[in-house]
Undergrad: 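After the structure tokens below, expect a handful of questions from me.
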Amino acid sequence: MAEIETIGAGTPIEADAVIIGAGPAGLFQVFELGLLGIKSHIVDTLKHPGGQCAELYPDKPIYDIPALPVCGAQELVDRLMEQIKPFGPEFHLGEEVVELKPREDGRFDLATASGTRFVAKAVVIAAGLGSFQPRRLGVEGADAFEDKQVHYRVRNASDFHGQRLVIFGGGDSALDWVIDLTGKATSIVHVHRRPEFKAAPASVARMQQLVTEGRMKYVEGIAAGIKSADSRLTGVTVKRTDGTVQDIEADHVLAFFGLHPKLGPIAEWGFELDRKAIKVDTAKFQTSVPGIFAIGDINTYPGKKKLILSGFHEAALAAFAIAEHLNPAKKVHLQYTTTSPIMQKRLGVNG
Ligand SMILES: Cc1cc2nc3c(=O)[nH]c(=O)nc-3n(C[C@H](O)[C@H](O)[C@H](O)COP(=O)(O)OP(=O)(O)OC[C@H]3O[C@@H](n4cnc5c(N)ncnc54)[C@H](O)[C@@H]3O)c2cc1C
């Protein structure tokens, strides 16, 4: 693995606790640490908090959150965000933690792919099923052009102005970019595998109108190959749903097939894994490395159930263990939020 110094040149952020993953478990970890007076930094590959709830099933109802007979998945995330507000966590969204290494002074070095660095006294891995990554084009040769001429996200829209584009996908991202870039790109061919779209009906109607006006083209089919010459991508082969095959010339290919979780760098951090989950004890939810804890779907122990409820419980116990890790000489007593003046002060509720 590359040395941490190679990733980011900036001054590292010094933190008591860094939480990797802003899913429900990571968000509740902020709360439990906050009650004990510990401030968190929380990092997620996604640009928004909520993990699986926000990314995979935001509109679905959840029925097994204690005291909430029914709660929408996005609503749960919104409620957690509200609950952790008093503790002022620092969010680092759209950033994937790619390195985690113990230091000689007992703290940990962390670095994200975009160069943010932390030196943390304790780390909580709340990484769920892994870091959400874009689904790839899945045709031979596409990897070689990734981020050069094959793109799964738009960093700078003006890069595509005056270019010939093929845009894949039937969701909101694909349709939004088709509509936005029409008239700015030299040409646009939009490719989607079936007549139904996940995107908002108004966007689909707008795209169809642009096709009718002859301002862009639409093809129903899937990517079947990459065309290249002299190490440059020159186009893409599309297999239409009617079985015919068509080569489309392009300077850039954009594909928006949604995101899926991938364990990613965590698999390389040296933890003992069992079926892609990190082994922890059930008193502290600590990994084999003292000071690094793992909660939520990413951990495993006898009887583990991958439920939001389990992540909440694990966050509470991990918080006590982290408080003791940060200050071994001080015993952490259990206090009730109902009656503890210090907790109420931290919550900002005692006037
Ligand atoms: C369709 C569906 C329905 C469900 N219904 C229920 C239900 O009714 N009740 C219930 O209890 N559970 C339900 N679940 C399961 C529940 O969503 C998970 O148990 C829960 O989301 C786990 O929370 P988490 O915080 O551990 O992980 P996640 O929600 O997976 O969040 C982890 C976050 O960590 C981030 N991450 C990972 N690696 C990195 C990295 N290296 N750097 C930065 N960020 C990283 C990811 O991007 C992700 O956002 C359901 C799941 C699905 C898919």
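What you are looking at is a predicted structure, and each value in this text was computed from that prediction instead of being measured. Both counts, for ligands and for their atoms, begin at 1 and track the order of listing.
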Undergrad: Do the charged groups of Glu314 and Lys304 touch, with an N to O distance under 4.0 Å?
TA: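 Result for this pair is yes, salt bridge flagged.
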Undergrad: Report the C-alpha separation of Asp109 and Arg103 in whole Å, then their side-chain angles, then the decisive distance to 0.1 Å, and conclude whether the salt bridge (Lys or Arg N to Asp or Glu O under 4.0 Å) test is met.
TA: CA-CA 7 Å; Asp109 280 321; Arg103 296 161 58 98; 2.9 Å; yes
Undergrad: Under the side-chain hydrogen bond (donor to acceptor under 3.5 Å, both in side chains) rule, collect the residues that match up with Glu82, sequence neighbours excluded.
TA: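 Expected list: Lys85.
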Undergrad: Run through all N or O atoms in ligand 1 and write down each protein N or O closer than 3.5 Å, as a pair with its distance.
TA:
unit_1   : atom_1 : unit_2 : atom_2 : d
ligand 1 : 9 (N)  : Asp64  : OD1    : 2.8
ligand 1 : 9 (N)  : Asp64  : OD2    : 3.4
ligand 1 : 11 (O) : Ile308 : N      : 2.9
ligand 1 : 14 (N) : Tyr57  : OH     : 3.2
ligand 1 : 17 (O) : Tyr57  : OH     : 2.5
ligand 1 : 19 (O) : Asp297 : OD1    : 2.8
ligand 1 : 19 (O) : Asp297 : OD2    : 3.2
ligand 1 : 25 (O) : Pro24  : N      : 3.3
ligand 1 : 25 (O) : Ala25  : N      : 3.0
ligand 1 : 26 (O) : Asp297 : N      : 2.9
ligand 1 : 29 (O) : Gln52  : N      : 2.9
ligand 1 : 30 (O) : Gln52  : NE2    : 2.8
ligand 1 : 38 (N) : Ser131 : N      : 3.4
ligand 1 : 41 (N) : Val97  : O      : 3.0
ligand 1 : 42 (N) : Val97  : N      : 2.9
ligand 1 : 44 (N) : Thr45  : N      : 3.2
ligand 1 : 44 (N) : Thr45  : OG1    : 3.2
ligand 1 : 47 (O) : Asp44  : OD1    : 2.8
ligand 1 : 47 (O) : Phe132 : N      : 3.2
ligand 1 : 49 (O) : Asp44  : OD1    : 3.1
ligand 1 : 49 (O) : Asp44  : OD2    : 2.7

Undergrad: For Glu324, check salt bridge (Lys or Arg N to Asp or Glu O under 4.0 Å) against everything at least two apart and list the hits.
TA: none
Undergrad: Please check this pair: side chain of Asp242 against backbone of Thr244, looking for a donor-acceptor N/O pair closer than 3.5 Å.
TA: yes
Undergrad: Partners of Glu32 by salt bridge (Lys or Arg N to Asp or Glu O under 4.0 Å), sequence neighbours excluded?
TA: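 Partners of Glu32 under the salt bridge (Lys or Arg N to Asp or Glu O under 4.0 Å) test: none.
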